[in-house]
Amino acid sequence: MKTIWWIGDPIMNVMVLGYCFCLAQGLLHTTKGFASGKVPGQGKVPPHIVFVMVDDQGYNDIGYHGSEIHTPVLDQLAGEGVKLENYYVQPICSPSRSQLMTGRYQIHTGLQHSIIRARQPLCLPPDTPTLPERLQQAGYSTHMVGKWHLGFCRLECLPTSRGFQSFLGSLTGSGDHFNFQSCDGAEACGFDLHDGHRPAWELSGNYSTRVYTERVKDILRSHDRRKPLFLYVALQAVHTPLQAPAYLLRRYQALGNRPRRHYAAMVSGVDESVGEIVSELRERGYYDNSVLIYSSDNGGQPLSGGCNWPLRGGKGSYWEGGVRAVGFVHSPLLKRKGVVSQALIHVSDWYPTLLSLAGFPEPDSRHLDGHDVWGAISRGLPCLRTEILFNIDPVSKRHEEVDPRLLTLNGFGIWDTGVRAAIRAGDWKLLTGNVGDGDWFPPQTMPGGPQQWQDMEKRRDQRGKSVWLFNVTADPYERADLAEARPEVVKLLLTRLAEYNQTTVPPRNPPDDPMAHPQLHGGVWAPWLGQEVTGDEQDDEDSDSGSRKGRYKSTCRVCKLRSLFKKVRSRMQRAALFL
């Protein structure tokens, strides 16, 4: 049972009482749902689940939020379903995807700091069950199309080793949308489109959104719909580089801002893609027993065409523009349709929610940070979630930044406010440390420059501070900092951060491994650890026409020497710059 805390603030007390009520309602709902061994509202086959995750779509980058970008399909699907207007993700790619796959905060998987870079020997913890692994146990066929970005240093890290029966997509964080070249820094570039365990060279030259849409349609055409299906469609769009086919770009010729024009064209491509997927669901007989979930992985990047207006901040920050996401659920199985939900929902909630829909409740929810929120979405029941820990990132604070005043004065002796962290409890949101750029970025199509008022708001609210408090229900744009006016709430939330901090695992941030360089693997980003072969073993592999044929090329002793020479040469070149 979770600890219930009580303070003199009437708003917070109402939140606590609501939490208790939510527990009772949620447990009752779950018990009824599984008493007969059937999922509520379902027949013999659990629902087919299609989860569409879009990369870097901003809050203002969808039609129903007032954008100039045309998204008629998404607008209609959201309008006929449930719009999630209090829905949160993480501010960058890998953390959001890890919490979707595991239902656990990144402080509990060691991924507190940054993304998983292409050359890092790092991936999801192998002992953490993933959503597709659990769904397979529930009898689902599981397939992934699109961007993984959860590590690939070993074969055991690949999507097909973490619960997906098939995979077509990229392993790194970004790449060219046509030739699928991906770079980690200027010096390490390689091909990154994979069909299972082999590079899909033959698909180079095609637009990524089109490639992924066609694969989804192929899966829907070949699958036996009498067996439940889980499709994870993680589109590469609308992440940089900003690229789109000419026919999409022509729709936005009137937009004077070039990045915004390309970005808008990419969003329209996403809209078309989702429309084709839904049409295929209808045509193949899946639709009536399906659940479609749409989500961005983080806020938009204003410098790369995205827009989160009127929210504050953007991708990479813990301001609302970085973590409040576009999201909706569309399904004939919803008890309420055409509504807007204000239930507090986090990306980690999809793990237990989808397992519950599949008729496979997580056996030990004590190891999860997500909650089953289907009752809140489908029926409008009180929500189990009342609090979100966005993150605690101890790596963000360097040793030279230690300042005892941040603990004793700003942190009331409870918390070092120099540590980058953010939490929301009820209406309140607390941020500490360097939480990212706190500017407001108006739509790029607005006349005039925003520089003057941006600087004014920064001077008033952000510079020199290490702790902020907002009532994000009354002030979703984070304009009125209440840290000085409500010190009792600050103390309470600092205490919650300290309590969460007691449960963290050490951050895992290994240095880049030179053996990961694509030049050592046939010009392809591929697993490089645990694949060492020598001499006769290599000959055996080359002649093997069985299961190992077509897999990634293994490393060799010559490769290690090449890597060593490359590393030494790079260091000598850097040293020469200072002579």
Side-chain angles (χ1 to χ4, degrees), residues 52 54-89 91 235 237-238 242 244 248-249 251-275 293-315 317 319-330 337-343 345 437-450 453-454 457 470 472-479:
V52 178
V54 185
D55 203 346
D56 289 6
Q57 183 177 13
Y59 184 82
N60 190 251
D61 296 330
I62 194 163
Y64 65 80
H65 281 167
S67 176
E68 77 280 13
I69 300 176
H70 307 300
T71 55
V73 172
L74 298 176
D75 295 349
Q76 181 176 349
L77 292 173
E80 294 172 351
V82 178
K83 296 176 183 176
L84 307 178
E85 292 301 313
N86 212 2
Y87 172 52
Y88 288 90
V89 292
L235 296 175
V238 288
L242 300 179
L248 291 174
L249 286 168
R251 298 181 186 178
Y252 297 97
Q253 289 178 341
L255 282 181
N257 184 292
R258 185 182 183 279
R260 185 63 171 173
R261 181 166 66 251
H262 283 72
Y263 183 97
M266 296 173 78
V267 175
S268 284
V270 170
D271 188 72
E272 286 187 357
S273 172
V274 175
I293 300 162
Y294 183 93
S295 170
S296 177
D297 67 338
N298 47 246
Q301 172 54 271
L303 299 180
S304 300
C307 183
N308 306 296
W309 179 267
L311 302 181
R312 182 176 187 175
K315 177 181 178 177
S317 79
W319 304 106
E320 292 290 281
V323 294
R324 187 175 289 203
V326 174
F328 65 81
V329 178
H330 178 92
K337 301 182 182 72
V339 298
V340 174
S341 173
Q342 294 294 339
I345 296 173
D437 189 353
D439 237 333
W440 289 264
F441 295 89
Q444 289 86 336
T445 54
M446 277 189 172
W453 61 266
Q454 283 183 8
E457 291 185 305
F470 301 96
V472 287
T473 300
D475 176 28
Y477 314 134
E478 296 171 300
R479 292 183 177 273

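The chain is numbered in sequence order, starting from 1. Since we're looking at a predicted model, the values are computed, not measured.
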Residue from Tyr477, Tyr88, Tyr59 passing side chain to side chain donor-acceptor pair (under 3.5 Å) with Glu320: Tyr88
Nearest heavy atoms of [X] and [Y], plus distance in Å:
X	Y	answer
Arg260	Glu68	NE-OE2, 2.9 Å
Leu249	Ala244	CD1-O, 3.6 Å
Val73	Val274	CG1-C, 4.4 Å
Tyr263	Asp56	OH-O, 2.9 Å
Pro72	His70	CD-C, 3.4 Å
Val89	Ser296	CG1-O, 3.4 Å

Output yes when a side-chain donor or acceptor of [X] lies under 3.5 Å from a complementary backbone atom of [Y], and no otherwise.
X	Y	answer
Asp439	Phe441	no
Asp61	Cys307	yes
His262	Arg258	yes

Any side-chain donor near an acceptor of the partner, Tyr87 and Ser295, under 3.5 Å: yes
Distance (rounded to the nearest 0.5 Å) between [X] [atom1] and [Y] [atom2]:
X	Y	atom1	atom2	result
Asp75	Asp271	CG	CG	7.0 Å
Ile69	Gln57	CD1	CD	7.5 Å
Asn308	Ser317	CG	OG	8.0 Å
Ile345	Glu85	CD1	CD	10.5 Å
Leu311	Glu478	CG	CD	8.0 Å

Neighbour count >12 (heavy atoms, 6.0 Å) for atom OH, Tyr64: yes
Flag if over 12 foreign heavy atoms under 6.0 Å of CD, Gln76: no
Is any side-chain heavy atom of [Y] closer than 4.5 Å to one of [X]?
X	Y	answer
Leu242	Met266	yes
Arg324	Trp319	no
Ile62	Ser67	no
Trp440	Arg312	yes

His330/Tyr294 under ring pair (Phe, Tyr, Trp, His ring centres under 6.0 Å): CA gap, chis, key distance, verdict: CA-CA 8 Å; His330 178 92; Tyr294 183 93; over 10 Å; no
